[in-house]
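Heavy-atom basis, side chains included; hydrogens, waters and symmetry copies ignored.
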Amino acid sequence: MSELTRARFTRMQDGTAEEFALIEASETEYARTLHLRVLDAVRSLEVGGYAISRLEHSLQSATRAERDGRPADYVVAALVHDIGDGLAPYSHGSYAAAVLRPFVSEELCWIVEHHPLFQMYYYGPHMGGDARARERFAGHPWFDAAAEFCERYDENCFDPGYDWYPVEHFAPAVEEVFGREPSFR
């Protein structure tokens with residue numbers, strides 16, 4: 001029995017089957033806690049300037065989606081749609097979509113990825129942007145779904161008087177979605 005606890009190679013091409021098996025086991029174990037890191041990313045959304053924090057915005061978005069009877073995938077996507085704000089403020093939709101991609105439908109990823117552009121419909125003219133920017137995707141099969149997401153679960157989710165669920169409420173759905181066997185598209 002080997003006492004190998006870490007790979008010894010310094011170049012991947014020099015690795016052994018035993019080393020890569022050890023790495024795979026370690027990565028598999030780490031992946032089991034992905035849902036906890038996703039919840040931490042949601043909790044860290046404290047961007048200011050709005051009537052409520054981005055965390056509260058995300059909770060409000062997910063709460064509205066759940067109350068509308070959306071499936072767990074959609075509710076989780078609503079919860080995490082802005083998690084890129086901290087590390088990718090200029091491409092946060094792509095960031096969030098990349099986190100979701102192995103676990104939810106391509107349609108849902110497209111909606112999350114494109115929501116920042118679709119949101120400009122509501123605020124673009126106030127910030128020097130183009131309210132019609134999303135029209136470049138007119139005719140896309142998921143255009144209406146992205147517009148609906150922004151209308152129902154994003155642009156209207158800055159209401160300090162709305163009664164949203166806490167992060168812990170969504171933990172089981174986050175664990176279910178991010179605990180799935182990932183697909184690599």
Side-chain angles (χ1 to χ4, degrees), residues 34-35 37-167 169-170 173-174 177-178 185:
L34 175 60
H35 66 285
R37 291 186 300 283
V38 170
L39 289 169
D40 286 343
V42 172
R43 286 184 190 100
S44 74
L45 290 171
E46 290 299 333
V47 177
Y50 297 93
I52 60 175
S53 72
R54 293 297 274 218
L55 166 61
E56 293 163 331
H57 163 74
S58 295
L59 294 171
Q60 192 172 132
S61 179
T63 299
R64 287 178 188 271
E66 183 175 300
R67 287 178 178 162
D68 280 354
R70 298 289 184 161
D73 291 15
Y74 199 102
V75 171
V76 169
L79 181 68
V80 305
H81 77 277
D82 282 338
I83 62 169
D85 281 347
L87 295 174
Y90 308 105
S91 58
H92 77 276
S94 297
Y95 182 104
V99 172
L100 286 164
R101 185 159 279 111
F103 305 101
V104 302
S105 72
E106 195 59 35
E107 178 182 3
L108 207 43
C109 290
W110 194 91
I111 291 167
V112 170
E113 182 175 349
H114 291 86
H115 86 272
L117 181 72
F118 276 65
Q119 278 294 84
M120 287 188 60
Y121 177 81
Y122 300 101
Y123 74 84
H126 304 293
M127 297 183 72
D130 181 3
R132 297 171 302 142
R134 69 187 189 179
E135 293 305 317
R136 76 175 90 161
F137 293 105
H140 189 281
W142 301 324
F143 179 95
D144 291 340
E148 179 185 45
F149 175 86
C150 289
E151 180 181 340
R152 297 181 63 106
Y153 309 113
D154 202 2
E155 75 85 20
N156 62 330
C157 294
F158 297 93
D159 181 357
Y162 187 81
D163 181 33
W164 57 80
Y165 298 133
V167 173
H169 173 85
F170 298 106
V174 171
V177 169
F178 288 99
R185 300 176 254 180

Return the NE2 to CG distance between H81 and L100, rounded to the nearest 0.5 Å.
11.0 Å
Are H115 and D82 close enough that some pair of their side-chain heavy atoms sits under 4.5 Å apart?
yes
Applying the side chain to side chain contact (heavy atoms under 4.5 Å, CB included) criterion to V99, which one of V112, V38, V104, V80 satisfies it?
V38
Using the side-chain contact (heavy atoms from CB on, under 4.5 Å) rule, take H35 and V76 through it: C-alpha gap first, then chi angles, then the decisive distance, then the call.
CA-CA 11 Å; H35 66 285; V76 169; over 6 Å; no
Look up atom CE in M120 and atom CD in E135, then write down how far apart they are to the nearest 0.5 Å.
12.5 Å
Any chance the rings of H114 and F137 have centres within less than 6.0 Å?
yes
State, to 0.1 Å, how close Y122 and A147 come at their nearest heavy-atom pair, and which atoms those are.
OH-O, 4.4 Å
Atom pair CG/NE2 of L87 and H92 - distance to nearest 0.5 Å:
13.0 Å
Check: L79 and H169 side chains under 4.5 Å, non-hydrogen atoms:
no
Do H57 and D85 come within less than 4.5 Å of each other through their side chains, counting heavy atoms only?
no
Nearest atoms (heavy-atom pairs only) where D159 meets G161
OD1-N, 2.8 Å
Taking the side chain as C-beta and beyond, is there a heavy-atom pair between T63 and Y162 under 4.5 Å?
yes
Looking only at heavy atoms, the pair that brings R64 and R152 closest together is CD-O, 3.8 Å
In the structure I gave you, are the side-chain heavy atoms of E56 and L45 within less than 4.5 Å of one another anywhere?
no
Within 45° of the axis and under 6.0 Å from the centre of the six-membered ring of F178, does NZ or CZ of R37 qualify?
no
Quick one: closest heavy-atom pair of R136 and L117, and the distance?
NH2-CD1, 3.6 Å
Can you tell whether the side chains of E151 and R134 come within less than 4.0 Å, N to carboxylate O?
no
Between CH2 on residue W142 and CD1 on residue I111, distance to nearest 0.5 Å
8.5 Å
P166 to L59 - nearest heavy-atom pair and separation
C-CD2, 3.9 Å
How are the rings of H140 and W110 set relative to one another: parallel (under 30°), tilted (30 to 60°) or perpendicular (over 60°)?
parallel
Check V75 against A65 and note the closest heavy-atom contact, atom names and distance.
CG2-C, 4.0 Å
Between OG on residue S44 and CZ on residue R54, distance to nearest 0.5 Å:
11.5 Å
Option from F149, F143, Y153 for which ring-ring contact (aromatic ring centres under 6.0 Å, His included) with F118 holds
F143
Starting from the C-alpha separation in whole Å, work towards a yes-or-no answer on salt bridge (Lys or Arg N to Asp or Glu O under 4.0 Å) for R43 and D40.
CA-CA 5 Å; R43 286 184 190 100; D40 286 343; 3.1 Å; yes
Within the structure provided, determine whether W164 and I52 are in side-chain contact (heavy-atom separation under 4.5 Å).
yes
Within the supplied structure, the quantity of interest is the number of heavy atoms (other residues, nucleotides, ligands) at a distance under 6.0 Å from R132 CZ; does it exceed 12?
no
